[in-house]
Participant: 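What follows is a structure written as structure tokens; I'll ask about it next.
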Amino acid sequence: MRNREEAEKRGHRGETFAALLLRPKGHRILGRRIRTHAGEIDLVNLPVFGPVCFVEAKTRALGRDTAEAVAPAQRTRIARAASLYLASRPQLQARGARFDVIAVAGFPRHFKDVWRADD
């Protein structure tokens, strides 16, 4: 149980760090830990130009491949949750959606447009 709690705290800190990383880039954070019946989205943000960004923050040990960190089933779940999020906000639907990953390990890295909802 203790390991689970520690992992959750580490994940929450990673999400906070990811949000802090995006703000100077001009992204407006629309929500954190957004829950839908399809699943949870770590961060939803809106850049000055372009689509709404749905971000998965991954806090991993150094050397882990970020692409491996978001499994296909998790990508599908996040895409469904994003679809529900946009369906309830018609003003954002026209901007489209992008799925990013922020790796929070050592030097943080922002991977843009990692996958498409129809992948």
Side-chain angles (χ1 to χ4, degrees):
M1 185 65 156
R2 184 158 172 81
N3 287 340
R4 174 78 175 151
E5 291 172 0
E6 290 173 9
E8 192 169 326
K9 285 180 184 179
R10 186 173 49 251
H12 189 64
R13 282 191 304 268
E15 292 164 10
T16 298
F17 192 75
L20 292 172
L21 179 71
L22 291 169
R23 284 189 182 125
K25 294 181 176 185
H27 292 243
R28 187 176 67 166
I29 306 300
L30 300 178
R32 291 181 56 187
R33 291 192 166 195
I34 303 295
R35 294 184 188 272
T36 71
H37 72 271
E40 181 181 281
I41 304 166
D42 290 345
L43 291 169
V44 179
N45 66 74
L46 194 60
V48 177
F49 301 103
V52 178
C53 296
F54 297 92
V55 178
E56 180 68 14
K58 286 295 182 186
T59 306
R60 295 281 187 238
L62 292 174
R64 286 284 306 235
D65 185 14
T66 304
E68 289 178 7
V70 184
Q74 188 177 16
R75 291 177 182 200
T76 300
R77 180 186 50 76
I78 294 168
R80 285 184 184 145
S83 178
L84 291 170
Y85 180 87
L86 289 175
S88 66
R89 292 160 180 83
Q91 72 279 13
L92 295 177
Q93 283 181 343
R95 290 192 70 166
R98 184 176 89 194
F99 297 93
D100 295 358
V101 174
I102 295 182
V104 182
F107 184 75
R109 295 177 61 190
H110 182 188
F111 299 91
K112 297 178 183 177
D113 209 8
V114 176
W115 77 89
R116 300 283 175 172
D118 54 357
D119 284 352

Participant: Which pairs, with at least one residue in residues 75-100 and sequence neighbours excluded, count as a ring pair (Phe, Tyr, Trp, His ring centres under 6.0 Å)?
Facilitator: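 Non-adjacent pairs meeting ring pair (Phe, Tyr, Trp, His ring centres under 6.0 Å): Phe54-Tyr85, Phe54-Phe99, Phe99-Trp115.
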Participant: What's the shortest heavy-atom distance between Leu21 and Pro108, and which atoms?
Facilitator: CD2-CB, 4.3 Å
Participant: Please report the interatomic distance CZ(Arg77) to OG1(Thr36), rounded to the nearest 0.5 Å.
Facilitator: 8.5 Å
Participant: Tell me, do Val55 and Leu22 make a side-chain contact under 4.5 Å, heavy atoms counted?
Facilitator: yes
Participant: Other members of the hydrophobic cluster containing Phe49, with the 4.5 Å side-chain heavy-atom rule, please.
Facilitator: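 In the cluster with Phe49 are Val48.
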Participant: Does Ala7 have any side-chain contact (heavy atoms from CB on, under 4.5 Å) partners at least two apart in sequence or in another chain, and if so, which?
Facilitator: Arg10
Participant: Give every residue pair that meets the salt bridge (charged side-chain N to carboxylate O under 4.0 Å, His left out) criterion with at least one member in residues 12-24, sequence neighbours excluded.
Facilitator: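 Sorted result for residues 12-24: Glu15-Arg33.
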Participant: With rounding to the nearest 0.5 angstrom, report the SG to CD1 distance, Cys53 to Ile29.
Facilitator: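 It is 9.5 Å, given to the nearest 0.5 Å.
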Participant: Please list, chain by chain and in numerical order, all residues satisfying side chain to side chain donor-acceptor pair (under 3.5 Å) with Thr16, sequence neighbours excluded.
Facilitator: Arg32
Participant: Tell me the salt bridge (charged side-chain N to carboxylate O under 4.0 Å, His left out) pairs involving residues 93-106, sequence neighbours left out?
Facilitator: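 Passing the test, one end in residues 93-106: Arg98-Asp100.
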Participant: Going hydrophobic residue to hydrophobic residue with side-chain gaps under 4.5 angstrom, can you get from Leu84 over to Leu43?
Facilitator: no
Participant: Less than 4.5 Å apart, any side-chain heavy atom of Val104 and any of Lys58?
Facilitator: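 No, every pair of side-chain atoms sits at 4.5 Å or beyond.
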Participant: Taking all atoms of both residues into account, what is the closest heavy-atom pair of Gly96 and Leu86, and its distance?
Facilitator: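 Heavy-atom minimum between the residues: O-CD1, 4.4 Å.
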Participant: Partners of Arg4 by salt bridge (Lys or Arg N to Asp or Glu O under 4.0 Å), sequence neighbours excluded?
Facilitator: none
Participant: According to the salt bridge (charged side-chain N to carboxylate O under 4.0 Å, His left out) rule, which pairs have a member within residues 43-52, sequence neighbours left out?
Facilitator: none
Participant: Quick one: pull up CD1 in Ile41 and CZ in Arg80 and give me the separation to the nearest 0.5 Å.
Facilitator: 13.0 Å
Participant: Please identify each residue that fulfils side-chain contact (heavy atoms from CB on, under 4.5 Å) with Arg28, with sequence neighbours left out.
Facilitator: Leu30, Leu46
Participant: Please find the pair of heavy atoms, one from Ala18 and one from Ala57, that lie closest to each other, and give the distance.
Facilitator: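 That closest heavy-atom pairing would be CB-CB, 4.1 Å.
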Participant: What pairs of residues pass the ring pair (Phe, Tyr, Trp, His ring centres under 6.0 Å) test when at least one of them lies in residues 3-34, not counting sequence neighbours?
Facilitator: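 Listed by first then second residue: nothing to list.
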Participant: Decide yes or no on side-chain contact (heavy atoms from CB on, under 4.5 Å) for Val70 and Val114, but give the supporting numbers first.
Facilitator: CA-CA 10 Å; Val70 184; Val114 176; over 6 Å; no
Participant: How far does NE2 of His110 sit from CD1 of Ile102, to the nearest 0.5 angstrom?
Facilitator: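 That separation rounds to 4.5 Å.
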Participant: Just jot down the salt bridge (Lys or Arg N to Asp or Glu O under 4.0 Å) partners of Glu8, sequence neighbours excluded, or say none.
Facilitator: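 Partners of Glu8 under the salt bridge (Lys or Arg N to Asp or Glu O under 4.0 Å) test: none.
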Participant: Would you list the pairs meeting salt bridge (charged side-chain N to carboxylate O under 4.0 Å, His left out) in which at least one residue belongs to residues 38-52, sequence neighbours left out?
Facilitator: Arg35-Glu40
